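Remember, it's 1-based here, ligands and their atoms both numbered in the order they're listed. Note that the structure is a prediction, hence the values are computed from the model and not measured.
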Amino acid sequence: MMPTSQLPEAFTARLGQMLGERFSTSMALRQQHGRDESIFPATLPDAVAYARDTAEVAEIVQLCGTFNIPVIPYAAGSSLEGHTLAVHGGLTLNLMQMNGILGINAEDQTATVQPGVTREALNAALRDTGLFFPVDPGADASIGGMCSTRASGTNAVRYGTMRENVVSLTAIVASGDIVKTGRRAKKSAAGYDLTRLFVGAEGTLGIIVEATVRLHPLPESTMAAVCAFPDIDAAVQSVVQIVQLGVPVARCEFVDPVAIKALNVYSKTGLPEQPHLFFEFHGSQSGLKEQIALVQDITQDHGAASFVWSASPEERSRLWAARHNVYFAASQLRPGARSVVTDVCVPISRLADCVNETIQDLRESQILAPVVGHVGDGNFHVQMLVDGASQDEIDGAEALNARLVSRALSMDGTCTGEHGIGLHKQGFLIDELGSASVNVMRQIKQALDPRNIMNPGKIFSL
Ligand SMILES: Cc1cc2nc3c(=O)[nH]c(=O)nc-3n(C[C@H](O)[C@H](O)[C@H](O)COP(=O)(O)OP(=O)(O)OC[C@H]3O[C@@H](n4cnc5c(N)ncnc54)[C@H](O)[C@@H]3O)c2cc1C
């Protein structure tokens, strides 16, 4: 592996010749690509390149292979676990200029895009088709990045995560070969499932240059609701019952009182500082009535104090924009603080135990930490606000994170429902799956990337 800041001249000369101003070793660009929202210190690449097409990506990867230089795929840069940090130096390859929509096939309900298309840009392009792309992490992330972290969001309870919504991919592997993982057929039994191999690989197996994703019909009707509860257990027990009864909610989000306080200040939501569930329902008029009646009964049985409905698109957008902004809202609760963000996911039958024990732990540790979650999936997030200059506070947050993960694992859950492993959760991955399973991952990595140039140091060490 090349030591940092020492790229061979032949390498930089070739990239400069190929990309012109789209290749740079400037400190400003290296800094921009060498830090993220995680608690890890900035770790800069030696250079940054912007690719515009598949042929360029293939040539750049080949060149990195020839010179044994790490290549870190970079998109919107919104990942939370240190995924894009250049821990071994090398070249960060920014893919956001590969932002073409290559085809929308409304009849088959698929779209084929370049990796730098963001989820919002894709939905804007779908506006007149009657279709939408449902996966919605809080940031306006790229499709390539979302494939690579196996992202999900508020809609996953109804429409699935990237795992369910990627039909096929084209990726450049370390040899520079172009690998196509499938066709557009809805199902296939043809060999190993390479699509699923690249989904969630965090850029360690190859660079995605094209993705075909599944689209869904826009619902005939949509209703949103906000519901306040006397305590956290009542809110979570409502969710468990709603899910166990099979109510097809489109969104079901938990927001704890600390996060509500943050939203009220940041998004002027004016909600009581109590635990809340935010719901959205999709379906026919009659179907919605049934869903809503059932959910209202369940929540009232658990003591819900208020149930505020909204059918107006503006009101709904305001509500979900507020929910999507909760990370930034929460950051304002302690200006200047850094966030240690974590997410776990447990089987729905254990959700109440996991959330309740975690909230108790948070209270005892006195760390300011809003809790929100895509609870319909059993997934929730804790955003611990710490003084980035205080090692004690960081250690306290990390200890809390370790207890949270160990609690989730003891309940047959996972150390991450959607943010991924990156740098932060590598030890927990072994706790979750065992060394033998992680060794299989290592063997796959070594087979595809024998020189370890593709985003090295992420998911596991070699
Ligand atoms: C406010 C906020 C809210 C969030 N909410 C959610 C949420 O609800 N759900 C959720 O799942 N996540 C959430 N996230 C995390 C983040 O948005 C996701 O991880 C997202 O998928 C990252 O996409 P990106 O385009 O920013 O990728 P980046 O951060 O640029 O990259 C992510 C990873 O993918 C790799 N990569 C990027 N592009 C490619 C490519 N073309 N080929 C191969 N590898 C590539 C990178 O090397 C890196 O390992 C949130 C983040 C923020 C800041």
For Glu253 and Trp320, does a side-chain donor sit closer than 3.5 Å to a side-chain acceptor?
-> no
For atom 33 (C) of ligand 1, the option (of Thr149, Asn455, Val209) bearing the nearest heavy atom = Thr149
Taking the six-membered ring for Trp and the single ring otherwise, decide whether the centroids of [X] and [Y] are under 6.0 Å apart.
X      : Y      : answer
Phe254 : His381 : no
Phe40  : His424 : yes
Tyr266 : Tyr327 : no

Under 4.0 Å to a heavy atom of [X] - the qualifying atoms of ligand 1, by number:
X      : result
Glu202 : 47 (O), 49 (O)
Gly203 : 43 (C), 44 (N)
Phe328 : 1 (C)
His374 : 8 (O)

Under 3.5 Å, N or O to N or O, is Ala139 touching ligand 1 that way?
-> no
Quick check: does Ser148 get an N/O under 3.5 Å from an N/O on ligand 1?
-> yes
Please state which part of Ile208 comes within less than 4.0 Å of ligand 1, counting heavy atoms only: side chain, backbone, both or neither.
-> both
With a 4.0 Å heavy-atom cut-off (strictly under), which part of Pro115 contacts ligand 1: side chain, backbone, both or neither?
-> side chain
Neighbour count >12 (heavy atoms, 6.0 Å) for atom CZ, Arg163 | no
Can you check whether Lys268's main-chain N or O pairs, donor with acceptor, with Asn264's side chain at less than 3.5 Å?
-> no
Look at ligand 1 and say whether [X] reaches it with a heavy atom at a distance under 4.0 Å.
X      : value
Ala171 : no
Met162 : no
His419 : yes

Check Leu404 against Thr358 and note the closest heavy-atom contact, atom names and distance.
-> CD1-OG1, 3.3 Å
